[in-house]
Colleague: 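What follows is a structure written as structure tokens; I'll ask about it next.
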Protein chains: 2
Amino acid sequence: MAPGRHDRDSVTTLALDLLDRVGLPDLSMRRLAAELEVQPSALYWHFANKQELLAAVADRILSRIPQPEPGTDVTEVATGIRDALLTYRDGAEVVMSTYALRLGARRAQDALQAVIGDAASADALFEFILGHTTLVQQRMHAQSIGAATDAADDPAADLDAVFRAGIRAFAALSVVQDPRS
Amino acid sequence: MAPGRHDRDSVTTLALDLLDRVGLPDLSMRRLAAELEVQPSALYWHFANKQELLAAVADRILSRIPQPEPGTDVTEVATGIRDALLTYRDGAEVVMSTYALRLGARRAQDALQAVIGDAASADALFEFILGHTTLVQQRMHAQSIGAATDAADDPAADLDAVFRAGIRAFAALSVVQDPRS
DNA sequence: ACCTGAACACCGTTCAAGT
DNA sequence: ACCTGAACACCGTTCAAGT
């Protein structure tokens with residue numbers, strides 16, 4: 001239980017835990033340092049900056065995506081990705097915020113490309129899942145704050161209908177291989 | 001040229017201009033106040049908080065979406081929405097960040113629903129456009145910083161291929177009205 | 001190898017008071 | 001109606017120095 005001696009992995013683990021407890025806006029370097037019982041400057045021995053820390057957190061989140069077994073369909077893979085993003089609070093936003101910088105970690109796209117022929121379509125589907133899940137998690141937070149949302153509607157029911165509509169569009173592609181339109 | 005006397009509209013206009021010049025991470029209340037030659041606290045007479053200011057900015061961005069004329073197809077409407085988001089730096093991220101809170105301003109979904117039958121599919125397509133455009137603008141910024149991106153590839157060429165792949169998936173829906181699958 | 005201490009240049013927001 | 005002045009409670013990051 002000595003206060004000190006952390007490494008990249010243990011810092012990332014606590015960052016992920018803190019993210020889930022307080023959300024992305026309150027995940028600060030200073031607060032993370034306090035939980036590690038360490039000065040804020042100590043974090044910069046492990047990570048060059050906050051972006052790099054968030055990239056490590058994003059990779060952890062994406063590591064929960066199941067590898068598709070033979071015979072899996074588009075809906076199953078897409079749902080697996082969405083659920084991985086939903087596992088931690090604000091998970092989708094963290095992944096989005098580091099998407100451009102993350103080297104490697106193409107686990108999601110690879111999984112989708114295994115069930116969708118075209119690479120561009122697989123990327124497009126991943127971008128839909130990211131966008132959709134980000135908005136779902138935002139709405140979760142807005143609701144917990146008690147803020148007025150756009151909707152005079154049921155809170156979660158039709159969100160899933162939107163997800164299914166998106167999946168249906170891309171699933172059609174994998175069946176109807178388009179005849180050079 | 002007196003320093004004072006602003007209103008909600010003029011503040012929003014300068015905020016949009018500042019966003020385009022410095023990007024979302026550097027769009028702070030203090031910096032905006034400085035450009036208006038006013039104390040930071042003055043902004044809180046016009047807006048309850050930063051979120052509300054960003055929501056007003058988001059509405060301005062979305063107001064550039066063209067109303068679909070009869071005979072417009074899905075590709076045209078979707079491209080119009082993307083281009084509206086691309087007009088200002090980090091436009092897509094601003095819209096996403098206030099999506100859950102924005103009352104009204106369903107202009108984008110309405111435009112899409114006019115060319116896609118199903119409301120859930122129209123929302124899904126909008127979420128794809130938002131996710132995709134956010135990532136495109138992020139990559140623009142990463143590149144201008146000179147940061148290492150994921151790609152050993154052409155910078156913009158295949159981004160558009162992903163956009164077209166997404167559109168194609170949803171466009172197929174509007175033609176092949178699915179026979180109660 | 002990993003951390004402290006101190007500093008720099010910032011944030012969003014509140015609130016009494018001014019005109 | 002619109003703004004100032006001052007304060008509160010925060011940020012990310014750097015860097016010399018310690019062990």
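Note that these values count all heavy atoms, side chains included, but never hydrogens, waters or copies made by symmetry. Just so it is clear: chains get the letters A, B, ... in the order the sequence lines come, proteins before strands, and each one is counted from 1.
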Colleague: Checking the side chain of B:Gln138 only, and the main-chain atoms of B:Glu93 only, is there a donor and an acceptor separated by less than 3.5 Å?
Modeller: no
Colleague: Return a table of donor-acceptor pairs under 3.5 angstrom between the side chains of residues 122-135 of chain A and protein atoms on other chains or two or more places apart.
Modeller:
| unit_1 | atom_1 | unit_2 | atom_2 | d |
| --- | --- | --- | --- | --- |
| A:Glu127 | OE1 | B:His132 | ND1 | 2.6 |
| A:His132 | ND1 | B:Glu127 | OE1 | 2.6 |
| A:Thr133 | OG1 | A:Ile129 | O | 2.7 |
| A:Thr134 | OG1 | A:Leu130 | O | 2.7 |

Colleague: Using the salt bridge (charged side-chain N to carboxylate O under 4.0 Å, His left out) criterion, which residues pair with A:Asp110? Sequence neighbours excluded.
Modeller: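 Listed in chain order: nothing, the list is empty.
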Colleague: Say we look at C:dC2 and D:dA17: how far apart would their P atoms be, to the nearest angstrom?
Modeller: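 Each nucleotide's P atom is 22 Å from the other's.
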Colleague: Can you tell me how far P of D:dT4 sits from CD of B:Gln39, to the nearest Å?
Modeller: 5 Å
Colleague: Report the distance from atom CD of B:Glu37 to atom P of D:dC2, rounded to the nearest whole Å.
Modeller: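 My rounded result for the distance is 18 Å.
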Colleague: In whole angstroms, how far is the P atom of D:dC2 from the CG atom of B:Leu43?
Modeller: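 Going from CG in B:Leu43 over to P in D:dC2 covers 13 Å.
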Colleague: Name all pairs fulfilling the salt bridge (charged side-chain N to carboxylate O under 4.0 Å, His left out) condition that reach into residues 7-20 of chain A, sequence neighbours left out, sorted by first residue then second.
Modeller: A:Arg8-A:Glu52, A:Asp9-A:Arg60, A:Asp17-A:Arg21
Colleague: Just the rounded figure in Å: distance from C1' of D:dC2 to CZ of B:Phe47.
Modeller: 14 Å
Colleague: When you check every protein heavy atom under 4.0 Å of nucleotides 12-19 of chain D, what one-letter string (B, S, -) results, 5' to 3'?
Modeller: BBBB----
Colleague: Can a side chain N or O of B:His46 be found less than 4.0 Å away from OP1 or OP2 on D:dC3?
Modeller: yes
Colleague: Quick one: CZ on B:Arg107 to CD1 on B:Ile81, what's the gap to the nearest 0.5 Å?
Modeller: 10.0 Å
Colleague: Show me the pairs that pass salt bridge (charged side-chain N to carboxylate O under 4.0 Å, His left out) and involve residues 61-89 of chain A, at least two apart or across chains.
Modeller: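 Qualifying pairs: A:Arg82-A:Asp160.
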Colleague: With distance as the sole test, does B:His46 use its side chain to make a donor-acceptor pair with the main-chain N or O of B:Val11 at under 3.5 Å?
Modeller: no
Colleague: Could you give the CG-to-P distance, from A:Leu53 to D:dC11, as a whole number of Å?
Modeller: 14 Å
Colleague: Nearest 0.5 angstrom please: B:Leu27 CG to B:Leu53 CG, how far?
Modeller: 7.0 Å
Colleague: Is it true that B:Leu14 and B:Trp45 fall in one hydrophobic cluster, defined by side-chain heavy atoms closer than 4.5 Å?
Modeller: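 No.
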Colleague: Taking the C1' atom of each, how far is C:dC10 from D:dC8, in whole Å?
Modeller: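 The answer is 15 Å between these two C1' atoms.
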Colleague: Toss me the dot-bracket line for DNA chain D: Watson-Crick and G-U wobble, both under 3.5 Å, 5' to 3', using | for pairs to another strand and [ ] for crossers.
Modeller: ||.|||||...|||||.||
